[in-house]
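Comments concern the structure below.
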Amino acid sequence: MSTRAVSRRDLLKVSALGAAALALPFERVVRAKGISRIAESKLPKPFTVPFVVPPVAKPIRSDATTDYYQMSMRQVQAEILPGVGTDLFGYDGQVPGPTIMASQGRQVVVRHVNGLPAKHPRWSYTPWTSVHLHGSASLPQYDGYASDITQPGQYKDYVYPNMQPARTLWYHDHGAAHTAENAYMGLAAMYQLTDAQERGLPIPTGRYDVPLILSDKMFTADGQLMYEDKSHSGLWGDVITMNGKPWPRMPVERRKYRFRILNASLSRGFRYKLSTGEPMTVIATDGGLMGAPQQVSEIRHGMAERYDIVIDFAKYKIGQRVVLQNLGVKNSTDYDTTKQIMAFDVAAEPTDGTKNEVPSVLNPNPSAMGLTESMSTATRKLEVIRGNGEWSVNGVTWEQIVASGYRKVIANPAKDAVEVWEITNKSGGWFHPVHIHLVDFKILSRNGKPPRPEELGPKDVVYVGENETVRLLMKFEHQTGRYMVHCHNLPHEDHDMMTQFEVGTAGPDPMTAAPALPWTAGLKL
Ligand code: C2O
Ligand code: CU
Ligand code: CU
């Protein structure tokens, strides 16, 4: 339950409801169930704000092997709600940040400058940062290790190898203890990795391949972001933003589209359904293309997971509206305003009819999915726990990792070892999307039963539901060194459900191999 004091505004709502609920228009009842303090008139009606796509990042230079980018994290004032200026933190001043487009075999280097203020303007913490490219098998010193921080006024160059198969990744802040606030303020963006195999498929591409970055927010009376995580339980906002816009409306053509859906919310899980009841086709998960597409009528989406889906608008008539709805998940606080996400308005015949198929085989060789349990050399048990007012993994917190000089680990697989990890959540009051850095895994089972159809692809986050044990199979390939494993409910992660494992014994030290440096304008990358 919320511990916040009951405000005068709440009292007004309560008395208005008690006295005249029947006479109230629908919207007023809806708002009474929300959490934002801003005037109702400042919230747009659903499906009135135009849909936008985040900008694509441009390299500052390229050479034979590498594309170089430079971005400055800045505080900006932007409009989420029409006509309302809200302070945000953006990569390159954008929320969501610019999408980075990468191809397998070409390295990317990103210089991230921390140009944020020395103190958060309202929450008064120091916004140090650590940038994590979620989904990349990066070296430990470029993985956004939480304590490898970059202070305001410093910069750090991150190197991304891009040797993995095509996938939808995202980069977001991971700074120790303030990941949740930093990500909530806007430090999150997409990164798309493609490869020849994917490019050879007849699936939608170009303007028919659309990023969908979801994030829920709540607003103060004066239009600023409100942060209320209910004693680190989670933050559940009543305003649903898609690519930074509330409940937008997107005109679409009568053909297939690929949507790369990223749930960048701190704590909100979603369950999607189309208002028409028609199925969606899942083609890729966190680690890239599935072996075969899966038709589903519902998708459950925990935080940080990516689901790439194809929706076919050819079956609708021009003028028809298809709403992406949210049926909600257990233990996310839903409001009436969170039951819908965005609308697709079928507006035109296709202007391009090519790349308009979903073949029955998408990926003949999805690496993690080819693993079998007989390859496994160890079974590790991880329990996600609430105890003594703290979140932990097996009773271990990040604080203990720090106290150990960053040496303490919960597992030490050899390089290229295959292992089974069993993650248990004994609570009925929480779900935990658990993320394991570095690896892609195959979900073997959930409480002894097969995973959901949308989970039948390579994953790096798994929804560990209430009273569930999930069994995962993974290979510790690509790198050696220490990597984090944590809950992606970010208030849980910050307080302090995060630990680490080490692959091999001789990997680079994430704290010392490439520390941040003081930033001087004009430094050449
Ligand atoms: Cu998306 Cu360790 O994070
Ligand atoms: Cu990650
Ligand atoms: Cu959690």
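Everything numeric in this text was worked out from a predicted model, so none of it was measured. Sequence positions, counted from 1, serve as the residue numbers for this chain. In listed order, ligands and their atoms are each counted from 1.
Two rings, from His488 and His432, have their centers 6.0 Å or more apart. The ring of Trp391 has its center no closer than 6.0 angstrom to the ring center of His232. For an aromatic pair to be called close, the ring centres must be under 6.0 Å apart, and Tyr191 with His134 fails this.
Applying the salt bridge (Lys or Arg N to Asp or Glu O under 4.0 Å) test to pairs two or more places apart or on separate chains, those with a residue in residues 149-159 are Arg111-Asp157, Asp148-Lys156.
Ordered by chain and number, His174 NE2, His437 NE2, His486 NE2 make up the set of protein N, O or S atoms under 2.8 Å of atom 2 (Cu) of ligand 1. Annotation: protein N, O or S atoms under 2.8 Å of the Cu ion (ligand 2) (waters excluded) comprise His132 NE2, His435 NE2.
Among residues two or more places apart in sequence or in another chain, the salt bridge (Lys or Arg N to Asp or Glu O under 4.0 Å) test is passed with Glu454 by Arg452.
Applying the 6.0 Å contact sphere to CD of Glu399 captures no more than 12 heavy atoms from other residues, nucleotides or ligands.
Using bins of under 30°, 30° to 60° and over 60° for the plane-to-plane angle, the ring pair Trp398/Tyr406 lands in the tilted bin. Ring geometry for His435 versus His486: interplanar angle over 60°, hence perpendicular rather than tilted (30 to 60°).
Note: Met280 CE to Tyr307 OH = 12.0 Å, rounded to the nearest 0.5 Å.
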| message | Go through it in stages, so that I can follow the logic: the residues are His301 and Tyr272, the test is ring pair (Phe, Tyr, Trp, His ring centres under 6.0 Å), and I'd like the CA-CA distance, side-chain angles, deciding distance and then a yes or no. | response | CA-CA 8 Å; His301 199 166; Tyr272 309 125; 5.5 Å; yes

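Its N, O or S atom nearest to atom 1 (Cu) of ligand 1 is what matters here, and for His172 that atom is NE2.
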